[in-house]
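First comes the structure, then the notes that go with it.
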Amino acid sequence: MTDRFMLNRRQLLKISAAGAALGLASASFPISRAFAAAATVGFIYVGPRDDYGYNQAHAEGAAALKGIEGITVVEEENVPETVDVQKTMESMINLDGASLIFPTSFGYFDPHMLAMCAKFPDVQFRHCGGMWDKAKHPMNAGSYFGYIGMGQYLNGVVAGHTSKSKKLGFVAAKPIPQVLLNINSFLLGARSVDPTITCQVIFTGEWSLAVKEAEATNALVDQGADVITCHVDSPKVVVETAAGRGAFVCGYHANQSPLAPEKYLTGAEWNWAKVYKMFVDDLTAGMPLPNFTRGGLADGFVKMSPLGPAVGEAARKQFDATLAEMMKGGFSVIKGPLKSNKGAVVATAGQAFAETAIELESMDYLVEGVVGSTA
Amino acid sequence: MDATEIGLWGVPLAILGGAIRVSTPFIFVSLGEAITERSGRINLGLEGTLVFGAMTAYAVAVMTNSPWLGLLAASAAGLCFGLFHGWICKFPKVNDIAIGIALMLFGSGLAFFFGKPFIKPKAPNLPAIPFGAWSDIPQVQAALDVNVLFLIGAALSLVLWWAFRNTRAGLIVRVVGDSSDAARAMGLNPNTVRLVATGVGGALAGIGGAYLSLYYPGSWTERISSGQGLMAVALVIFARWNPLGCFAAALLFGGAGALGPALQSVGVTQGYYLFYAAPYILTLIIMVATSSPTRSLAGAPGELSITK
């Protein structure tokens, strides 16, 4: 049977002719272009791709790349934040030939993604979140994130107008800077309507714990909160439970209005398609990829869900006005005088942190009016 | 303070409500496992059965628009998983714990595979009985909305407790669990009895899964379970293989699990990770308090591979 794999003279000629033609063809185009145009991009998700939340937002962004010629998208979902993600990255690089990888979950960065950066210096890694630091981390790594706190501020504006009990509820996963900024923004948005509003926060301790999120939502409603929002990976359970108890909800990550059409006010959504297209455009053009990518509502990184039927006229007006203000850029949610809920001054009078302020990415406090603790 | 604020009363109310809402999957899985273990086998695969049951119930409820058909399908699927475990374990030198772990992974994987198209659609929920209708405080009404499955679970634990002592079927399961030799001498086939016991255990675990996806939290996602199935298997040992104990332990776990969110909601916000560990700390304390260096675990079936 071995002669099946041996070449006779005629076949050899044919193959070498084809090879020569291919070589000529690629020589007549700029070679880097021909290389880059056939790039494989890898996406790794910590949960299921269709969770009405964090992972769905990323997967929708990845799906937007699938139409681009020459780009192959490889995806893997339900990858835990353990050594498993290293194996996934290795197989995407070695087996699928990925040259750009997006490990989308917070816990993938250290040590997993950093280990892979050292092992594969020719592959580009971009992590979703705020952890990349030029001084500490390699240059084939990087981070991208959106100023979604602005969206939570807008959520808060609508919530402030809608709430009758003047108590809002927030189901949060872990007290990391991005989550704290969202909680603070939500309350400050509501306080721009009525400065007596408070926001009760419950930390569940994990990104995805369906039963505990339902319990937390019930506990918030029991304590009189009548508008609920959240920062967990999949807001589905929170939205359905809150609406089932008769409370209004503001969404997060993706549009959850189909889950509670009557009770859904608005929501802060990611628009990752825009971000991923930017990276891929740079890749196909042969340009170096940026290491530090940030953007907000004005840049199209973040968008708002359409306002729901329960949103009143006054709320609609202030929402539109605030949104227009934000679209100009430079809007500050955190501005002095402002104290933390432990009484420490976090911004003095006249001090303001615009959405781009890097200090916000190391936030470790909850502002006055938030009932909750970071530890 | 107006009528919508109940302040500190929220904590005991949340524990009560949580005990009723969260405990039902624990009740069904642990009762199922109690039957299986009483017959002398351990089925660790019930976590997989629970997840598969949740998926099946949701999928069938979406397709037929009837939660009851979903419940039926979940218990049938659980029965198949249980029978499969029981059938493999009858062969010599097969380890029931290893098969259980394999089935746990298989059940979850299969559920994720078939469950993909059912994450988006919305299924009708199982009905609840409003035992709180006498009160005009909405929080009390919400806490006392009791699902029928909880009541069935409570009744079932009583029936099983009685049946293990007083019926022929109960005695057969117990003798097979305590001594295969004695059972064979009585003309019983231990493998058949264990096959049936594991099958029934699987069916109950499937019902527990249906509760998760069709009532509380009431939707199908791949993260629906967070380990309730495994915890329920441990509860059986904690409850000393006694169905009434299983019911009490499930209530305890449900109530203790509601403690963390409830305390945060009334402003006790420091150290919430510690409160979330409350059920496990409680388990440790009770296990230590009831253990003894001079006797073995009371009530343990003699044929169980962990006590042999």
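To find a chain, count down the sequence lines: A is the first, B the second, and so on, and within it residues start at 1. The shown structure was predicted, so the numbers you read here are calculated from the model rather than taken from an experiment.
Interface residue B:L212: only side-chain heavy atoms are found under 4.5 Å from chain A. With a 4.5 Å cut-off on non-hydrogen atoms, A:V201 touches chain B through its backbone but not through its side chain. Within the 4.5 angstrom heavy-atom criterion, only backbone atoms of A:T374 (N, CA, C, O) approach chain B. Contacts of A:V211 with chain B are made by both backbone and side-chain atoms, with heavy-atom separations under 4.5 Å. If you measure heavy-atom distances from A:E215 to chain B, the contacts under 4.5 Å come from both the backbone and the side chain.
Your options are B:A262, B:S219, B:A142, B:A14, and the one with the most heavy-atom pairs under 4.5 Å with chain A is B:S219. Among A:G47, A:G372, A:A225, the residue with the largest count of heavy-atom pairs under 4.5 Å with chain B is A:G372. Of the listed residues (A:L209, A:V371, A:N218, A:N78), the greatest number of heavy-atom pairs within a distance under 4.5 Å of chain B belongs to A:N218.
In terms of modelled atom types and a separation under 3.5 Å, the side chain of B:S30 and the main chain of B:I27 share a donor-acceptor contact.
Ring centroid separation for the pair A:F43 and A:F102 comes in under the 6.0 Å cut-off.
Counted by atom type alone, A:D226 and A:S165 present one or more donor-acceptor pairs between their side chains at under 3.5 Å.
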Stepwise side chain to side chain donor-acceptor pair (under 3.5 Å) test for A:Y52 and A:E240 = CA-CA 12 Å; A:Y52 270 106; A:E240 287 184 339; over 6 Å; no
ask   = What do the steps show when you test A:E75 against A:K66 for salt bridge (charged side-chain N to carboxylate O under 4.0 Å, His left out), and what is the final call?
value = CA-CA 11 Å; A:E75 297 172 282; A:K66 286 176 183 163; 3.0 Å; yes
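Applying the 6.0 Å contact sphere to OH of B:Y273 captures more than 12 heavy atoms from other residues, nucleotides or ligands.
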